[in-house]
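The block underneath contains the structure these notes are about, expressed in structure tokens.
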Amino acid sequence: MKILGIESSCDETAVAVLECRNDCEFSILSNEVASQIQVHARYGGVVPEIASRAHCEAITNLVTKALDDANINPSDLDAVAVTAFPGLIGALLVGVNFAKGFAYQYKLPLYAVDHIKGHIASNYLTNDLKPPFIAFVASGGHTSMVLVHDYRKHQVIGGTRDDAMGEAFDKIARVMDMPYPGGAAMDKLAYDGKNPVQFPSAAIKGDNLDFSFSGIKTAALNYINSTKQKGEEINRADIALGFTNSAVGSVITKLDQAFKMYPEVNRLAIAGGVAANSHLRREVTKFSKKHGIELYMPELKYCGDNGAMIAAAGYFEYKNGTPADLNLNAEASRFED
Ligand code: KG4
Ligand code: ZN
């Protein structure tokens, strides 16, 4: 079967055509992403209204291009999947309404996809990953620890109590005058650090799998401001390395706790934009080797928002779920178990 995946929850309009064979074998026939990063960079972050407008401008051509690249017509499709939650409401509505119109026109079943489940599903695209597993999902808007019981049955076992991990990377980059979004640049810069600045852990102490990135972010901002006030130059690489060590170390601390809490699970998957971070990838690799855990990581190009991951999550809805009707609405904050 072939499924069209549409994603518009934040600052990327993304459309893909995915072919699914023998249950869980995926071929990505096309994967188009129209990034709005350039548009938002001058404001230092995503401006929701601008994001919605940019999605409106991009979506029709992107769907046409995705179908052309896949060398198919709409009538060759079997289903449409769209991110319906969580995300920026105006941005989500563009994808949801487009998908509803498209599905109605071509008489295709429509499936609503949870963006976080989509990120997790990016691991199914090119890996032979099967549930159960623990997923660590970190992006600009989300940080979640999820116990994936089955392709459609997810249990949130931990998360952030305040800022998302990617947001913390971006904010620290921003105060160091690096362009938005700073996550990838911080990743590179950390390699030049020699004397990492010490920051507090983002792992909340105790019997939980939660994070707080606001404390480490504030500590970094205070350090930067007080250094500047003393008239001293900040060492951006040492800050990037210190922050990375602390953020990644916190993730490893909580993963260690998670696998102790769920000893029957021995697979780990990471996902989301921050899963592209090379330091995180290195440390989860070490952690998994040490504990004999099977590790799955999406290819770099599928870490950030894309339509293929939404199509993959949509495929499992198509197999066992209920299609959405034309009353489907977008929701800014909802996570489906
Ligand atoms: O998943 P994503 O594309 O969008 C959301 O759903 O938010 O994630 C974007 C986030 C941004 O905060 C970006 O700075 C971060 O992922 N990111 C990184 C790296 N590449 C992207 N953070 C750290 N290291 C990276 N290499
Ligand atoms: Zn995302």
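Order of listing sets the numbers, starting from 1, for every ligand and every atom in it. Values in this document were obtained by computation on a predicted structure and should not be read as measured data.
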Out of Pro181, Ala184, Ala271, Ser139, who is nearest to atom 5 (C) of ligand 1 when you count heavy atoms only? Ser139

When rounded to the nearest 0.5 angstrom, what distance separates CD in Glu12 from CD in Gln36? 8.0 Å

Worked check of side chain to side chain contact (heavy atoms under 4.5 Å, CB included) between Tyr191 and Ser278: CA-CA 10 Å; Tyr191 285 101; Ser278 63; 2.7 Å; yes

Please name the residue in the list Glu57, Glu49, His55 that meets the side-chain hydrogen bond (donor to acceptor under 3.5 Å, both in side chains) test with Arg53. Glu49

Of all the atoms in ligand 1, which lie at a distance below 4.0 Å from a heavy atom belonging to Gly273? 1 (O), 2 (P), 8 (O), 16 (O), 17 (N), 18 (C), 19 (C), 20 (N), 21 (C)

Note: ligand 1 atoms sitting under 4.0 Å from heavy atoms of Ala276 are 26 (N)

Which protein non-hydrogen atom lies closest to atom 2 (P) of ligand 1, naming both residue and atom, and how far is it? Asp305 OD1, 3.5 Å

Would you say Cys10 contacts ligand 1, with heavy atoms under 4.0 Å as the rule? no

Has the side chain of Asn127 got a donor or acceptor atom that lies under 3.5 Å from a matching backbone atom of Leu129? no

Check ligand 1 against Gly166 and write out every atom of the ligand that is under 4.0 Å from a heavy-atom position of the residue. 12 (O)

Measure centre to centre between the rings of Tyr223 and Phe243, then say whether the value is under 6.0 Å. no

Ligand 1 contact on Asp187 by region, counting heavy-atom pairs under 4.0 Å: side chain

Ligand-residue contact atoms, ligand 1 with Gly304, heavy atoms, under 4.0 Å: 3 (O)

Looking at Asp210 and Arg161, does any basic side-chain N land under 4.0 Å from a carboxylate oxygen? yes

Near His119 (heavy-atom distance under 4.0 Å), the atoms of ligand 1 are 1 (O), 6 (O)

Decide yes or no on side-chain hydrogen bond (donor to acceptor under 3.5 Å, both in side chains) for Asp162 and Ser212, but give the supporting numbers first. CA-CA 6 Å; Asp162 37 57; Ser212 165; 2.6 Å; yes

Atoms in ligand 1 flagged as close to Gly141, the criterion being non-hydrogen separation under 4.0 Å: 7 (O)

Between ligand 1 and His115, is the shortest N or O to N or O distance under 3.5 Å? yes

Hey, what's the ring geometry for Phe102 with Tyr106, parallel, tilted or perpendicular (30° and 60° as the breaks)? tilted

Around atom 10 (C) of ligand 1, find the nearest protein heavy atom and jot down its residue, atom name and distance. Gly140 N, 3.4 Å

Is ligand 1 less than 4.0 angstrom away from at least one heavy atom of Met165? no

Check whether any N, O or S atom of His115, backbone or side chain, sits closer than 2.8 Å to the Zn ion (ligand 2). yes

Asn306 side chain vs Ala308 backbone, donor-acceptor pair below 3.5 Å: yes

Looking only at N, O or S atoms, find the one in Asp305 nearest to the Zn ion (ligand 2) and name it. OD1

Given the side-chain rings of Tyr315 and Tyr124, with only the six-membered ring counted for Trp, is the space between their centroids under 6.0 Å? no

In this structure, atom 22 (N) of ligand 1 is nearest to the protein heavy atom Gly183 CA, 3.5 Å

Residue portion contacting ligand 1 (non-hydrogen atoms closer than 4.0 Å) for Asp170: side chain

Protein contact to atom 24 (N) of ligand 1 [nearest heavy atom, distance to 0.1 Å]: Asn277 ND2, 2.9 Å

Residue His119, metal the Zn ion (ligand 2), N/O/S under 2.8 Å: yes

Taking Asp170 first and then Arg174, would you say they form a salt bridge - that is, a charged N and a carboxylate O separated by under 4.0 Å? no

Please work out which of the three classes, parallel, tilted or perpendicular, describes the rings of Phe287 and His291, given edges at 30° and 60°. tilted

Would you check whether Met186 reaches within less than 4.0 Å of ligand 1, judged by its heavy atoms? no

